[in-house]
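For reference, the structure discussed in these notes is given below.
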Amino acid sequence: MRDAMHKKLLSALRTDSIVKPLKSELDALFLPLGGGDAGVAVDDMVKRYCVALKQADGEPHVFDTREAFMAWFVQLAMEVNPQRVILASDPIVSSYMQGASASTGLNAVDFVHVPVEEEGREADMFLRRRTADAQIGIGMALAGFADSGAIAIASTMNESRALSLLVDIHIAILPASRILPCLDAFANEMTRIALDGDSSALTIVGGPSKTADIEKVLVTGIHGPGRLIVAVMSDR
Amino acid sequence: MNMVSVLERVGVEVEYDPRQTCCGQPMFNTGYHPEARELACRFLDLFGEKDCIVAPSGSCTTMVKVFYGDLLELPAEYRDRAEHVRACIHEFTSFMVDELCIDDVGAVFPARVTLHDSCHALRELHIKRQPRALLAKVRGLELCEMDAAETCCGFGGTFAVKNAAISGEMGEAKVASIIASGAEVVTGVDSSCLMNIQGMLKRKEIPVHCMHIADILARTEADR
Amino acid sequence: MTVPLKPENFKSLVAERLFNPQLRRNLSRATQTALTKRLAVVKDYSDWEQRRLIAHGIKKLVIEHLPAYLGEFERNAEAAGAKIIHASTALEARNAVLDIVRRYGGTLAVKSKSMVTEEIGLTHTMNEEGIETVETDLGEYIVQLAGQIPSHITAPALHFSKEEVGELFTEKLGIPYTSDPKELTAIARRVLRQKFLDAGVGLSGVNAGIAETGSICIVENEGNARLSTTLPRVHIAVMGIEKLLPDMRSLTHVLNMLARSATGQRISSYTSIITGPRKTGEKDGPDELYIVLLDNGRSTMLADPRLREALYCIRCGACLNTCPVYQKIGGHSYGSIYPGPIGAVITPCFYGMRQARYLPYASSLCGSCSEICPMHLDLHHLLLERRRQAVADRCTPFIERVAMRAGAMLLKHPWTYRLAGAMGRTFGPLLADANGSLPVPGWTTSRDFPKLAPHSFQSLWEEHANARRDA
C-alpha cells in the first residue's frame, strides 16, 4: 500500500527522486520577513499580550507576587463557588497554590493534584472522572504570544490534557519572561517538544472555547472551558 | 470614436486597421481554446509588428496581455509576436496616465459620476488609480464613489447567459450600489460591464446614464 | 447523506436559494461579517502580500517534492508511535477505519469537524455499519441531526436560523423549545459531553502534517477535536496527502494566515499539535493513534502541472466569503462537499468532469477569490483551466460548441464580421421591442439588450480618416 502510493506520486511528478530540498532552500523563503520584535521590553510585551488576549475574549491578570495571585484567586472562588479544583503538579503551580486549602474561603473546595507517578489506567480514569466534575483547572503556560494573546500548554506528567479541557474555567500561570512576540519565535521549541518524546500533545490556546455556529451569535464554553484566565506573573 | 478624439487631442497619431475582428476572449473564457487560438493568431497577424496598441477595454487588453502567454499555448511561430504584443498593448486609461503621463485632457463634464471597477482591469491589470486620476481632472465632474465599486457586475462573458439568474442578481446588487451613490452617470473602462449595467438600468427604468470613460473624456466646452 | 452532484439539479438549487429572501439575508450578513473581521486582523501585517507569497512558496516546495516529505512524515510519525495506513480511494479509507474500529470492539465514535471525512462519506458508512458516529462540532451536529450536509467550509449550519435549530432540538432531543443560542449551545454541550466520555474511538481530520516531527496539527475553536482526540482510547486521523508542511516554522507561518482568513481571529481557540499516542507518564490521551493517508484523486491533481497548485489550499473558506456568486447562492447550490471557487476547481477530481461540468461555469471569473486566498492560489485561472478541460472532454452543451465554432469562423474574416454587423443593424430594429431591446435568451430575463449603434466603427473611422486627410 505504501509503495503503491509512493510510486503513484513519483510518477505523477515524473521523477524518481525522493530527495528533499535542502533546508537552506526552505529557510530562504522566510528571509523577506526580516528580524521582527527583537529587544522589546518585557513590560511592553506584557501590555501587548494582555490587550491581545482581551480582544480574543480571554481574561489576563498581572500579579507581582504570589500573595496578590492568591488574594485574587480567593475572590474568584467566592464568585464562582467551585466544588473542585484540579491542580497541575508543576513546581510553579504548586508553589503558588501552596496552602490554598487552608485559606479562608477555600476550605470547602476539593483540591485535586495531578498524581505525578505512573499509576496505571485505573488511576488515570479516576482522575478523569474527578476532572469532569471539577469547575476550575490550574496549569502552566510554557509560553505566551504577545501578538495574539495565546499561550502554549502541553500534556506532561504534571498536567493532564483534561485539566484544561473538561473544566469550566482554565487558569494558566504564565511567567512574564516567557512571553514571546509571536508564535514563529516558538517554532524551534515546538520542534524540540515534539521530538523529545515526553509529551504527545502541545496545544496553542488562543481563548475560551467558542462557537458562532448558530446565526453567528458568539457563545463561549461549548466543548471546553468557557473562561480562559491567564495569570501573568511578573515576579519571575 | 471618442477614444480616438481624446488621443488625437493630446497629440497622439492614431492608426486603425479595419481588418481587425476579435481577440478571442469569449471563446477562451468559456474554455474553447482551439477557437480562441484561431482568433488570437489572426490578431497577431494584424498587430504582431505594431509597437503601441491601445484598447478601450480592460478585458480585451487582459486577453492579450495576460492570456496570450502560456495559458493559450499558441503555435511556436506566433510566440515571439505574442511576447512583443503583450508588452505593447495598453488599456486606454493606463496608456494615458502610465505611458503618456497625462491626466488632464481638457475635458468638461459637469455631472455626478460614479466609477465601476471592471474585474479584468482591476485584478489582472491593476487599473484603479488611472481612471480616477483622469476623472479628477474633468472640469465640473463630481466623483461619487459607490460602495462595492470593486464587486463584479455579473457580466462575466458567457456567464451572463449560462447563469442568467445569478448574473441578474449580481447586476441588481451593482445597480443598488449605483443608486445609493447618488450619481447621475456610471462609467467604467469596459464596454461589456457597461452594457450589462446599462441593460439593467434601462429595464428598471432608472434614470442613470451609462457612459464609457472615453465618452466622458471626449466631452469639451463645446459640448456643454 | 449528500445533496447529489447532478448538473440538472444546479439550476433549480440555485433558483430555490437565489430568490429566498431569508437565506439571502443570512448569507449576506454572514459573508460580509466574515470579510470585515478578516480585514481587521489582516491589517496586523503590513507585509500580508509578502506572507502570501511565502506561504505559496512553502507549499510549492512540499508539493513538488511530495514523496520525499511524505516519506519523512511517515518515518517520524511511526517513530513517535503512530500507525500509518495508506488509502488510495475513499473506499479503502472507509474500510481501513471500520477495520480498526471493529478490532477494538468500538460501538460509539465521536468525530470532530473534517472536510476529508465528509469527502469519503465516513460518518454515513459507519452509522450504517452499526457504529454510532456522532458529529461533535456544533454546526456539524445540527446538520447531522437534520440529515443534511454542511453549506460552508467553516460555518456548516450557516443556513439555519436559531428558531430552526430550536425546533430541531425539540424534535430530536425532546427538550423544551428555546431559540436562544446560549441555551441551545449549553444543551449540545451536555448531550455531547456524555458521548465524548463514553466513546471508544475518536475521529478527526488533519489541518497539517509536519514532516520533520511526524506531528499532526488540528485547528478548532470549540474544543471538540481536543476532546475527540483525548478521551477515547483510539484516535483515528484522516489526512489528505497534500496536507504536509516541512517543519514547525512553516506551520507557524501558515497558522498566522489561517485563522485570520477563516474567521477573522489572530489564532483559533485551540491549535493542537499531536505527536504519536500518549507517552509514558502522561495522564491521558489515546493509547493508539492511526493516521490514514488519503489519496482519492489528489495524485491526479498532482500529475497535472496546471492544476497542482490547487493542492496548496488550506481550506480557510475565504474564497467562499468573497465570491459574489457564493454570496448569492450559498454552499448547497454547488452540490458538492467543497463549494465556492476552490470547490469548483477540485470537485471534478473527486467526481469526474462529466458530473461536475457545471461547476467551473458557476463563476463570473471576477478574480476576487485569487485576491483573497492566503496561499496565493490563482483560483480564477484554475477555473479557466477546468473550463478548457470541460470543453476538451466534450462536457459542454452541443449548441454552445456549435455557436463557438460558428463565432470563430465569423470573426476570422473581416468581411463576415462586417456582414454580421450590417445584418444586425438592418434586421435588429425589426425584432426589437418598443425600447429597442432585442429578445436575446438568457440576457433579457433581467435586462435590456442594447440598441445597436446606427453606424459601425469602421464607417465612422473612414469618415474620420477622410476628414483628417482633407484637413
Side-chain angles (χ1 to χ4, degrees), chain A residues 1-2 4-6 8-10 12-13 18-21 25-26 29-30 32-33 52 56 114 118 124 127-128 132 147-148 150 155-157 160-162 165 183-184 187 190-191 194-195 197-211 213-217 219 221-224, chain C residues 30 33 50 54 57-58 61 65-69 71-72 86 88 136 138-139 155 157 161-162 165 181-182 184-185 188-189 197 212-213 215 221-224 226-227 230 246 248-249 252-253 255 266-279 281-285 295 299 302-303:
Chain A
M1 293 289 260
R2 185 192 174 282
M5 180 178 281
H6 278 255
K8 211 167 175 193
L9 296 177
L10 285 167
L13 288 165
I18 49 161
V19 180
K20 251 177 27 176
E25 206 183 322
L26 178 63
L29 290 173
F30 297 103
L33 289 180
V114 172
E118 177 72 13
D124 293 341
L127 174 65
R128 169 197 295 195
D147 63 340
S148 61
S155 156
T156 64
M157 61 180 189
S160 60
R161 299 188 196 187
L165 195 45
L183 192 58
D184 300 320
M190 288 163 74
T191 310
L195 292 175
D198 292 326
S199 171
S200 64
L202 172 73
T203 307
I204 311 297
V205 181
S209 152
K210 50 173 73 152
T211 180
D213 276 346
I214 301 176
E215 281 201 10
K216 294 265 158 198
V217 174
V219 178
I222 167 140
H223 294 306
Chain C
T33 307
Q50 185 67 256
I54 293 172
I58 295 168
L61 212 60
H65 299 92
L66 193 56
Y69 282 111
E72 191 192 8
H86 296 82
S88 316
T136 59
L138 181 60
S161 70
K162 58 188 193 294
V165 178
K182 267 177 108 160
L184 290 166
T185 303
R189 175 189 170 100
L197 290 167
E212 190 176 38
T213 59
S215 311
N221 277 307
E222 295 188 6
N224 59 312
R226 284 180 77 199
L227 283 174
T230 296
M248 291 295 183
R249 178 70 182 86
T252 61
H253 184 85
L255 286 174
R266 295 199 169 95
I267 194 156
S268 299
S269 290
Y270 306 116
T271 303
S272 297
I273 297 153
I274 293 167
T275 314
R278 64 186 284 181
K279 307 285 184 284
E282 283 186 291
K283 299 297 172 247
D284 49 13
D295 179 348
S299 53
L302 185 68

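Contacts of C:Thr213 with chain A are made by both backbone and side-chain atoms, with heavy-atom separations under 4.5 Å. Contacts of A:Thr156 with chain C are made by backbone atoms alone, with heavy-atom separations under 4.5 Å and no side-chain atom involved. With a 4.5 angstrom heavy-atom cutoff, C:Leu197 touches chain A via backbone and side-chain atoms both. At a 4.5 Å heavy-atom cutoff, the contact between A:Ala162 and chain C is made by backbone and side-chain atoms alike.
Taken to the nearest 0.5 Å, the CZ atom of A:Phe30 stands 4.5 Å off from the CZ atom of C:Arg249. Between the CG atom of A:Asp184 and the OG1 atom of C:Thr252 there is a distance of 3.5 Å, given to the nearest 0.5 Å. Residue A:Lys8 holds its NZ atom at 11.0 Å from CG of C:Leu302, rounded to the nearest 0.5 Å. To the nearest 0.5 Å, atoms CD1 (C:Ile273) and CG (A:Leu202) are separated by 5.0 Å. The structure places NZ of A:Lys20 at 10.0 Å from CG of C:Leu61, a figure rounded to the nearest 0.5 Å. In this structure, the separation between CG on A:Leu183 and CZ on C:Arg266 is 14.0 Å, given to the nearest 0.5 Å.
Taking the side chain as every heavy atom from C-beta outward, C:Ser161 and A:Glu215 approach each other to under 4.5 Å. By the 4.5 Å heavy-atom criterion applied to side chains, A:Leu10 and C:Pro67 are counted as neighbours. Inter-residue side-chain proximity for A:Met157 and C:Glu282 is flagged as unmet; no heavy-atom pair is nearer than 4.5 Å.
Scanning all heavy atoms of the two residues, the minimum distance from C:Ser88 to A:Met5 falls at N-CE, 4.5 Å. For A:Gly206 against C:Ile267, the heavy-atom pair with the smallest separation is CA-CG2, 3.8 Å. Of all the heavy atoms in A:Ser160 and C:Lys283, the pair that sits closest is CB-CB, 3.6 Å. Across A:Ser200 and C:Pro277, no two heavy atoms sit closer than the pair CB-O, 3.3 Å. Taking all atoms of both residues into account, the shortest heavy-atom contact from C:Ser299 to A:Ala12 is O-CB, 3.6 Å. Between C:Asp284 and A:Arg161, the shortest heavy-atom distance links the atoms OD1-N, 2.8 Å.
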Do C:Glu222 and A:Ser209 pass the side chain to side chain donor-acceptor pair (under 3.5 Å) test, and can you show the C-alpha distance, the side-chain angles, and the key distance before you say yes or no? CA-CA 5 Å; C:Glu222 295 188 6; A:Ser209 152; over 6 Å; no

Run the side-chain contact (heavy atoms from CB on, under 4.5 Å) test on A:Thr211 and C:Asn221 for me, step by step, so that the C-alpha distance in whole Å, both residues' side-chain angles and the decisive distance to 0.1 Å come before the verdict. CA-CA 7 Å; A:Thr211 180; C:Asn221 277 307; over 6 Å; no

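Proximity of a side-chain donor or acceptor of C:His65 to a complementary backbone N or O of A:Pro21 within less than 3.5 Å is not detected. Between the C:Arg278 side chain and the A:Ser199 main chain, no donor and acceptor come within less than 3.5 Å of each other.
Between chain C and the residues A:Val205, A:Leu13, A:Asp147, the most heavy-atom pairs under 4.5 angstrom are made by A:Leu13. When each of A:Lys210, A:Glu25, A:Met1 is scored by its heavy-atom pairs under 4.5 Å with chain C, the top score falls to A:Lys210. Considering only heavy-atom pairs separated by less than 4.5 Å from chain A, the leading option among C:Leu255, C:Ile274, C:Thr230 is C:Thr230. Interface summary for chain A: among C:Gly139, C:Ser269, C:Ala188, the most heavy-atom pairs under 4.5 angstrom belong to C:Ser269. Interface summary for chain A: among C:Ala30, C:Ser268, C:Ala68, the most heavy-atom pairs under 4.5 angstrom belong to C:Ala68. Among A:Leu9, A:Leu165, A:Val219, A:Leu195, the residue making the largest number of heavy-atom pairs under 4.5 Å with chain C is A:Leu165. Per-residue heavy-atom pair counts under 4.5 Å with chain C were compared for A:Val217, A:Ile18, A:Ile204, and the maximum is reached by A:Ile204. Comparing A:Leu127, A:Asp198, A:Val114 by how many heavy-atom pairs each has under 4.5 Å with chain C, the most go to A:Asp198.
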